[in-house]
Enquirer: 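This is the structure I want to talk about, given as structure tokens.
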Amino acid sequence: MLRYTLKRLGSTIPTLIAVLTVIFVIIRIAPGDPAIAILGDNASQQAIDALRDRLGLNEPLLEQYWYFLTDALTGNLGNSLVSGRSVLNEVLEVLPHTLDLTIASIIIGVIVGIPVGILAAVYRNGPVDYVARITSLLGLSFPSFYTAILLILAFAIHFPWFPVISNANLSDPGDRLYNLVLPALSLGLIMVAYVARTTRASMIEALGADYIRTARAKGAPALVVIARHGFRNAIIPVITVIGLYLGILIGNSVIIEIVFNRPGLGKLIVGALEQRDYTMLQGLMVIYAFFIVLTNLVTDLAYGMSDPRVKYQ
Amino acid sequence: MRKFLTHAGTGLALALCVSYGSIDAVRAETAVNVGLKAKDATALDPHLSTKSGDKPIFALLFNGLVRFKPGSMSPANLEPDLAESWEVSPDGKVWTFKLRKGVKFHHGYGELTADDVVYSLTRAGDPKRSSVSSDYSQFEKVEAVDPHTVRITLKTPVPSLLGLVANYHGGNIVSKKAAEELGEGFKQKPVGTGPFMFKDYKAKQGITLAANPDYFRGKPKIDKLDFKFVPSDSSRELAFKKGELDIFTGKREEKWVQRIGQDGDLTVDVFEPGELRTLHLNTKVKPLDDIRVRKAIAHALNRDDFIKLVGDSVTRKSWSPVPNGYLGHTGDLPKYEHDLDKAKALMKEAGHENGFKMNAIITKRSALLRPMQVIQAQLKKIGIDLELDVVEHSAFHAQIRKDLSPMVLYGAARFPVADTYLTQFYHGNSRVGTPTAVTNFNHCDMADAEIDNARKEPDAAKQKELWAAAQRKLMENVCSIPLFEQLQVWARRNSVDYGYTLEGALSLGPLFTEVSAKK
Amino acid sequence: MSIATQTPQERSGVRHALTELYHVFNTNKTSWVGLIIFLIVAVLALLAPWIAPHDPLEQNIVDALQPPSDTYWLGTDSFGRDVWSRILWGGRISLFVSVMSIGIAMVIGGALGIIAGYKGGRIDQIIMRCMDVLLSFPTLVMGLLVVAVLGANLTNLIIAIALTVVPKFARIARAPTVAVKEQDYIEACRALGYSDTRIMFVHILPNVVGEVLVLASLWTATAVRIEAYLSFIGLGVKPPTPTWGGMIRQGFEYILDAPWMCIYTGLAVLILVFSLNLLGDGLRDAIDPKLRNE
């Protein structure tokens with residue numbers, strides 16, 4: 001399994017280099033200037049030029065590219081052009097917020113989605129199934145900013161229970177959770193929908209399998225059949241979906257972070273794009289790409305753990 | 001990680017039980033939470049950053065030799081700050097400032113001496129280290145006579161010199177030791193002498209300032225200022241309602257001011273400066289090089305709509321290239337009143353009976369995008385099809401400075417003297433696309449002589465005349481169409497008392513002084 | 001995956017395809033509901049020039065931020081423009097952007113997937129690597145990048161969305177191709193000297209088209225949302241063209257003064273996305289026999 005993991009990681013390096021090249025080129029083609037973003041609207045041209053010099057933006061592009069690539073591959077993400085602080089530090093500072101949000105919404109998705117999916121599958125084509133399917137489709141259709149805005153209107157304004165600006169103090173777990181509730185719900189609802197649908201589909205397949213029929217025929221209690229035989233076999237697709245949608249969650253978290261004014265990777269990346277903070281954006285993309293590769297890998301490995309039939313070559 | 005999972009795992013139920021009251025209760029000190037309409041503040045160096053979101057913070061961290069009286073932005077109300085007194089030589093070229101003794105820099109960077117002042121003013125005039133160096137182009141030398149005396153020698157007399165050593169942009173005095181020691185890092189750890197000192201910065205989240213216990217006017221009553229970056233207007237207001245903010249940048253719209261004003265616990269301050277929104281027309285490109293077309297555009301624009309868009313109490317019409325209240329502003333200028341027939345006739349005369357198409361670049365920020373959309377709709381009525389390229393704010397500035405947009409809508413507040421506005425926006429040397437470029441998007445240079453002469457004119461009355469003549473020439477040529485001035489709007493909880501009447505602030509935000517308090 | 005096991009004879013003929021589609025719809029009632037809602041939305045949007053009560057671009061600043069009334073059914077925005085009319089016109093943009101971008105992505109992605117799967121070897125490697133690179137960008141970030149480089153307008157928005165979706169189509173088309181190409185009848189075609197193009201078009205394409213269509217309907221729903229997200233961040237279609245995302249963004253800034261801007265426009269997005277999801281979901285269930293009702 002270790003060999004498989006290493007091989008998988010190794011094979012992603014060319015992809016990673018290509019991603020980095022694309023991002024390096026694209027952001028430099030885009031009009032805009034980090035120096036203006038730093039100095040503000042009425043800085044003199046001379047000051048802007050001087051700052052570009054200090055930031056190393058006037059050096060030959062190929063040179064900049066080479067430095068960036070060699071640095072990135074050795075794990076050095078450099079300093080943000082705009083704030084001058086280490087990219088890695090800035091990322092690590094906000095990463096807990098993004099992880100909180102992502103993990104919390106997955107947990108909500110699993111806790112609510114799996115039982116709903118199982119119920120729907122067991123009472124297939126009955127009213128429970130119908131309601132579950134339609135509501136989960138509806139949940140899936142909610143644009144995340146809409147959910148977020150409605151939640152703010154309802155639970156921050158009408159019932160003033162939760163904060164509007166979700167900026168948690170990381171060292172205070174209570175504060176952290178309290179700030180997480182609305183953003184996590186906004187994303188969690190989408191996750192519930194995804195998980196419920198996948199669970200339902202794979203449960204239906206599993207319950208239709210021969211060995212389930214055999215188990216039923218042998219008179220095993222319904223609950224045992226569902227839990228032991230059905231669910232264990234249905235879980236793989238669910239894990240895959242969770243892995244797949246991790247990427248979607250990260251994308252959606254951009255919007256959530258904007259609406260809730262919450263710190264996080266998404267806001268960092270949009271900010272870096274707006275300020276043309278080349279180094280920050282490059283660094284973030286390295287991390288993102290790595291994240292995605294890692295997610296795929298973990299998903300694959302999770303397969304193996306829940307299903308002994310899956311073998312790694 | 002596991003710890004976190006247990007947290008999150010206990011789930012929503014727990015979260016619902018957590019009372020937010022307990023979080024507020026830990027505060028024993030007087031802290032004021034300020035909601036800033038800004039996304040970040042990355043360069044806290046008053047000589048470098050010209051961002052409006054940074055200015056309210058500079059005003060707290062730094063002092064100038066003189067200062068605008070808190071709550072006022074009138075150059076007539078300048079009062080001693082770091083300098084106790086000053087005198088001018090009869091020819092107006094040599095200014096000598098006596099410094100206050102015993103003023104301490106933050107974070108143990110020692111006592112303020114003439115060296116710091118010399119260093120700061122030299123730095124402010126250095127194009128490599130300052131964004132406002134051109135303001136200091138008339139400085140011949142700045143020298144320390146003794147540890148508490150500074151002498152400034154000018155190339156030519158500058159009547160408004162005090163403005164250049166006031167607590168605004170380049171006039172802010174930084175610690176020489178800190179600036180040299182920290183180098184590029186100074187903008188992340190600014191060191192000044194102001195009532196508040198830098199404590200903490202969180203990227204894209206906020207800045208915390210703490211009271212300066214050694215402030216020379218006395219320790220501020222407020223212990224902590226928490227600035228939070230909340231770019232969305234709605235979010236700031238919602239957060240205020242929830243008690244997460246005590247004061248915040250308001251929405252500069254009358255409807256908003258009226259609605260929120262009904263909240264008994266809140267005061268809205270509307271104050272100077274008015275940021276003048278001007279539509280600059282590039283007089284060197286077709287078809288705008290034809291004065292008839294420019295006049296047609298001027299007649300097509302209806303200022304009433306802009307006022308209605310924003311509201312009477314927070315805005316006022318403008319007809320002059322120099323904002324109201326600036327030294328040297330004149331209202332005695334040709335006015336191009338809204339008149340569609342006249343505009344259409346002019347278009348026909350210029351051979352554009354069927355109108356034309358034109359591209360313009362505009363920022364996605366609503367302060368400019370919204371009025372630009374009104375301009376777009378109004379020009380449509382005389383057949384001008386304005387296609388708007390909406391881009392990121394920094395891309396907007398990069399592109400208009402490359403002269404890529406024939407029409408530029410710009411909004412700005414500057415040091416309140418006609419010279420700053422005229423030089424930056426209408427002087428030939430400031431034309432975009434040239435090495436000395438600032439923000440002259442209209443490419444006019446017909447008033448250069450008046451602007452130059454006014455700057456050197458020692459006689460105040462004659463100077464005003466020259467400025468008026470410059471403004472007249474610019475408007476006769478329709479270099480630009482000044483539209484309206486938008487005032488500053490901030491809201492505060494009634495418990496917050498600034499300690500003065502807020503009528504104006506060049507820092508574009510309320511100034512917290514040693515007497516400001518929160519009850 | 002199941003489609004791959006069917007023989008090509010079963011799936012030929014336009015008439016047969018139509019009857020099968022009808023059958024597919026009938027096996028799953030929700031797809032009918034989805035289709036009907038979608039058609040209603042589409043018809044309303046298409047008829048916007050005739051049924052919109054006001055000019056969506058006409059600014060009437062005196063009437064700014066009016067609540068819903070007889071004149072302005074869903075209120076007005078901050079420029080005094082009629083929200084209902086703008087929703088109708090905005091629907092045209094949303095539909096156009098999403099259908100075009102997914103259409104383009106479907107054709108390009110599908111073709112790339114089939115070519116990669118059929119040719120195999122180095123070509124397969126190169127194509128799929130490129131797709132991996134594209135997949136490494138979060139959808140929204142990719143959209144923002146493309147729009148930042150090319151500028152924010154309708155065409156570029158379509159390109160941006162299409163680019164993010166192409167790899168999904170390539171992947172979904174490649175898998176069945178790989179499975180089918182090993183089968184005897186493809187071998188037979190090759191032995192008969194048919195050109196690769198002909199084999200891919202005539203014999204492989206029908207095996208792929210079902211899954212690709214399902215994916216297309218689901219991704220059209222997502223495209224509507226991506227368009228809204230990009231406009232929400234502030235980089236969508238040029239003003240004054242109404243778009244749903246742009247309206248929600250503006251509405252969010254006035255959420256306390258004029259909540260109708262945000263709420264009704266959001267509802268429009270929700271309805272369109274929901275109908276497309278119902279449609280796509282029904283189609284998937286019907287096409288995938290594992291889930292087909294017995």
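The figures here come from the full heavy-atom set of this structure, side chains too, leaving out hydrogens, waters and symmetry mates. In what follows, chains carry the letters A, B, and so on, assigned in the order in which the sequence lines appear, proteins first and then strands, with residues in each chain numbered from 1.
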Enquirer: Under 4.5 Å from any heavy atom of chain A, what part of C:Leu134 do you find: side chain, backbone, both or neither?
Expert: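 For C:Leu134, there is no contact with chain A at all, as no heavy atom is under 4.5 Å.
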Enquirer: What pair of heavy atoms forms the shortest contact from C:Ala148 to A:Ala30, and how long is it?
Expert: O-CB, 3.7 Å
Enquirer: Can you find a side-chain donor-acceptor pair between A:Tyr146 and C:Thr265 that sits under 3.5 Å?
Expert: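 No, no side-chain donor-acceptor pair sits under 3.5 Å.
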Enquirer: Looking at chain C, which one of A:Leu273, A:Leu137, A:Val19, A:Ile152 has the largest number of heavy-atom pairs inside 4.5 Å, strictly under?
Expert: A:Leu137
Enquirer: Can you name the residues of residues 274-284 of chain A that have some heavy atom under 4.5 Å away from a heavy atom in chain C?
Expert: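 The residues closer than 4.5 Å to chain C, in numerical order, are A:Arg276, A:Leu281.
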Enquirer: Hey, does C:Leu145 have a side-chain heavy atom less than 4.5 Å from the side chain of A:Ile23?
Expert: yes
Enquirer: Please give me the minimum heavy-atom distance between A:Ala18 and C:Val133, naming the atom from each residue.
Expert: CB-CG2, 3.5 Å
Enquirer: Counting heavy-atom pairs closer than 4.5 Å to chain A, which one of C:Gly245, C:Gly251, C:Ala228 comes out on top?
Expert: C:Ala228
Enquirer: Got A:Ile27 and C:Val149 here, is their nearest side-chain heavy-atom distance under 4.5 Å?
Expert: no
Enquirer: Of all of C:Asp132, C:Leu256, C:Ile255, which one pairs up most often with chain A through heavy atoms under 4.5 Å apart?
Expert: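 Answer, by heavy-atom pair count under 4.5 Å with chain A: C:Ile255.
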Enquirer: Is chain A contacted by the side chain of C:Cys130, its backbone, both, or neither, given a heavy-atom distance below 4.5 Å?
Expert: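 C:Cys130 has no heavy atom closer than 4.5 Å to chain A.
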Enquirer: Measure the shortest side-chain to side-chain distance between C:Ile263 and A:Leu153 over non-hydrogen atoms and say whether it is less than 4.5 angstrom.
Expert: yes
Enquirer: By a 4.5 Å heavy-atom criterion (distance strictly below it), what part of C:Leu278 contacts chain A: side chain, backbone, both, or neither?
Expert: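 Answer is both: backbone and side chain atoms of C:Leu278 are under 4.5 Å from chain A.
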Enquirer: Answer with side chain, backbone, both or neither: which region of C:Ala221 has an atom nearer than 4.5 Å to a non-hydrogen atom of chain A?
Expert: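 C:Ala221 has no heavy atom closer than 4.5 Å to chain A.
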Enquirer: Please look at A:Arg197 and chain C and tell me whether the side chain, the backbone, both or neither of the residue comes under 4.5 angstrom of a heavy atom of that chain.
Expert: side chain
Enquirer: Considering only heavy atoms, which portion of A:Ile269 lies under 4.5 Å from any heavy atom of chain C: side chain, backbone, both, or neither?
Expert: side chain
Enquirer: Nearest 0.5 angstrom please: C:Leu270 CG to A:Ser141 OG, how far?
Expert: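 Answer rounded to 0.5 Å: 6.0 Å.
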Enquirer: At a heavy-atom separation under 4.5 Å, does C:Phe232 approach chain A through its side chain, its backbone, both, or neither?
Expert: side chain
Enquirer: Between C:Leu135 and chain A, which part of the residue has a heavy atom less than 4.5 Å away: side chain, backbone, both or neither?
Expert: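 Just its backbone gets close to chain A.
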Enquirer: Quick check on A:Leu138 against chain C: is it the side chain, the backbone, both or neither that has a heavy atom closer than 4.5 Å?
Expert: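 Interface part for A:Leu138: both.
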Enquirer: Flag the one option from C:Ile233, C:Val147, C:Ile271 with the top tally of heavy-atom pairs under 4.5 Å to chain A.
Expert: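 Option with the greatest count: C:Ile233.
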Enquirer: Which one of A:Val259, A:Leu140, A:Ile29 has the most heavy-atom pairs closer than 4.5 Å to chain C?
Expert: A:Leu140
Enquirer: Counting C-beta onward and ignoring hydrogens, is there a side-chain heavy-atom pair between C:Val273 and A:Pro143 closer than 4.5 Å?
Expert: no
Enquirer: Evaluate the side-chain proximity of C:Phe274 to A:Ile134: yes if any heavy-atom separation is below 4.5 Å, no if none is.
Expert: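 SC-SC contact between A:Ile134 and C:Phe274 confirmed.
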